[in-house]
Amino acid sequence: YREHFFAMLPAFKDKRYITVDGKPLFAIFDPNGFPEKELELFMKVWRKLALENGLKGFHFVARVASVAKLSDPDAKERINGGYQKYYDKFIDMGFDAVWTSNMRRAEILSKGYKRLWVKRALYHGIKLRTLDKYKYKDIVDNYFTEAEKKENIYPMIVPRWDKTPRQGNRATLYYEGSPELFQKHAREAIELVKDKDPQHQIIFLQAWNEWGEGNYIEPDTVYGRAYLEALKSALKGE
């Protein structure tokens with residue numbers, strides 16, 4: 001942890017580094033991939049090192065799926081609004097904020113809980129997995145929650161999704177997306193954060209250039225700069 005910190009320290013001290021309340025923002029993409037005690041130790045060590053090296057501390061953010069797996073014991077409760085209790089788990093652990101990922105929850109709400117249980121049973125029973133397709137509009141219509149209005153809950157926007165480059169016919173994809181729908185999606189996220197303290201008006205974008213998952217807004221041969229322009233227009237309030 002010390003070696004990691006000192007390797008990153010020049011970046012943390014760079015005036016261009018993103019800070020929240022004067023503290024460098026550091027997000028952990030998969031907090032569930034670590035034992036809880038390790039995460040607590042990591043944050044304790046880094047906060048101490050930060051103060052010893054001229055920083056004000058850290059603003060730690062945990063990326064948390066509102067519903068990760070159908071097998072989670074409280075999955076149905078979280079689908080139906082019990083996600084806040086799950087977010088609080090990470091705040092209580094010592095994170096300053098949570099960055100939400102609502103993709104699975106939106107998929108379930110757009111097509112139904114029972115359908116996904118049947119697909120899961122087929123996959124684990126006879127290893128049958130087929131292309132899992134959702135209309136992009138249905139995803140974004142079911143995406144955000146009231147939780148993202150809270151100061152320490154940061155929403156995430158998704159421009160498109162198509163994992164067939166990596167997973168073929170076992171992939172999940174969102175179809176019939178467009179820059180116009182993405183602009184609407186981005187505006188909805190902006191509305192959620194507009195009344196927060198300016199330091200906490202944070203929205204994560206998944207992603208700028210995740211080509212392997214068809215999840216990007218950088219220019220391509222189909223839409224050119226349209227997704228970039230859509231985000232620009234959303235930020236300008238158009």
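Everything quoted here is computed from the prediction, not taken from an experiment.
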Check the pair Val64, Thr100 against side-chain contact (heavy atoms from CB on, under 4.5 Å), reporting the backbone distance first and the verdict last. CA-CA 5 Å; Val64 179; Thr100 63; over 6 Å; no
Cation-pi check for Phe182 against Arg160: NZ or CZ below 6.0 Å from the six-membered ring centre and within 45 degrees of the axis, yes or no? no
Does atom CD (Glu3) have a neighbourhood of more than 12 heavy atoms from anything else shown, all under 6.0 Å? no
Taking atom CZ of Phe34 as the centre, does the number of heavy atoms from other residues, nucleotides or ligands within less than 6.0 Å exceed 12? no
What are the two closest heavy atoms between Gly177 and Leu181, and how far apart are they? CA-CD1, 4.5 Å
I'd like to know if Lys184 and Glu180 make a salt bridge, using a cut-off of under 4.0 Å between side-chain N and carboxylate O. no
More than 12 heavy atoms from other groups under 6.0 Å of NZ on Lys196: yes
Are Tyr216 and Met103 linked, directly or through intermediate hydrophobic residues, by side-chain heavy-atom contacts shorter than 4.5 Å (ILVMFWY only)? no
Checking ring pair (Phe, Tyr, Trp, His ring centres under 6.0 Å) for the pair Trp99/Phe204: CA distance, chi angles, key distance, verdict? CA-CA 7 Å; Trp99 145 27; Phe204 282 82; 4.1 Å; yes
Given the rule in the side-chain contact (heavy atoms from CB on, under 4.5 Å) test, do Leu205 and Met156 qualify, once you have shown the distances and angles that lead to the verdict? CA-CA 6 Å; Leu205 168 68; Met156 179 180 82; over 6 Å; no
Is there side-chain contact between Leu173 and Tyr175, with heavy atoms separated by less than 4.5 Å? yes
For the backbone of Arg105 and the side chain of Asn102, can you confirm whether one donor and one acceptor N or O come within less than 3.5 Å of each other? no
Go through the steps for Val98 and Val61 under the test side-chain contact (heavy atoms from CB on, under 4.5 Å), then give the verdict. CA-CA 5 Å; Val98 165; Val61 183; 5.8 Å; no
Where the side chain of Lys135 meets the backbone of Ser110, is there a donor-acceptor pair that is under 3.5 Å apart? no
Are side-chain heavy atoms of Ile18 and Pro24 found at a separation under 4.5 Å? no
In plain terms, say whether Glu191 and Arg187 are close enough for a salt bridge, that is, a side-chain N and a carboxylate O under 4.0 Å apart. yes
Which heavy-atom pair separates Ala230 from Gln183 by the least distance, and what is that distance? O-CG, 3.5 Å
Within the 3.5 Å criterion, strictly below it, is a donor on Asp132 or Tyr134 matched to an acceptor on the partner's side chain? yes
Distance-only donor-acceptor check, side chains Gln167 and Thr164, under 3.5 Å: no
Between Gln206 and Ser101: side-chain donor-acceptor atoms closer than 3.5 Å: no
Nearest-0.5 Å distance that lies between atom OG1 in Thr19 and atom CG in Asp14: 11.5 Å
Is the shortest heavy-atom distance from the side chain of Asp162 to the side chain of Tyr174 under 4.5 Å? no
Can you tell if the side chain of Leu55 reaches within under 4.5 Å of the side chain of Leu9, non-hydrogen atoms only? yes
Mind listing the closest non-hydrogen atom pair of Val193 and Ile202 along with its distance? CG1-O, 4.0 Å
Going from CD on Glu188 to CD1 on Ile157, what distance comes out if it is rounded to the nearest 0.5 angstrom? 11.0 Å
Would you mind checking if Lys133 and Glu176 are paired as a salt bridge, meaning a charged N to carboxylate O distance below 4.0 Å? no
Nearest-0.5 Å distance, OG of residue Ser178 to OH of residue Tyr227: 6.0 Å
Considering all heavy atoms of both residues, which atom of Asp195 and which atom of Glu151 are nearest to each other, and what is their separation? O-OE2, 4.5 Å
What is the ring orientation for Phe144 with His185, classed by angle as parallel under 30°, tilted 30 to 60°, or perpendicular over 60°? parallel
Using a strict cut-off of less than 4.0 Å between a Lys/Arg side-chain nitrogen and an Asp/Glu carboxylate oxygen, indicate whether Glu213 and Lys163 qualify as a salt bridge. yes
Verdict with reasoning, Tyr143 to Leu109, per side-chain contact (heavy atoms from CB on, under 4.5 Å): CA-CA 9 Å; Tyr143 194 78; Leu109 289 174; over 6 Å; no
Side-chain (Glu218) to main-chain (Asn209) donor-acceptor, under 3.5 angstrom: no
Which heavy-atom pair separates Thr172 from Trp161 by the least distance, and what is that distance? O-CD1, 3.4 Å
Spacing of CG belonging to Asp96 relative to CG belonging to Asn152, to within rounding of 0.5 Å: 9.0 Å
Reported NE2-to-NZ distance for the pair His200 and Lys150, which is rounded to 0.5 angstrom: 15.0 Å
Are any of the side-chain nitrogens in Lys111 or Glu107 under 4.0 Å away from the carboxylate oxygens of its partner? no
Is there a side-chain contact between Leu228 and Arg225 (heavy atoms, below 4.5 Å)? yes
How long is the straight-line distance from CG of Leu192 back to CD of Glu146, given to the nearest 0.5 Å? 7.5 Å
Between Pro219 and Trp211, which heavy-atom pair has the shortest distance, and what is it? O-CH2, 3.5 Å
Parallel, tilted or perpendicular: rings of Phe58 and Phe12 (30°, 60°): perpendicular
Using 4.0 Å as the upper bound for N to carboxylate O, is an ion pair formed by Lys23 and Asp21? no
Does a side chain donor of either Tyr1 or Glu38 reach within less than 3.5 Å of an acceptor in the other side chain? yes
Between His4 and Trp46, how do the two ring planes meet: parallel, tilted or perpendicular, split at 30° and 60°? perpendicular
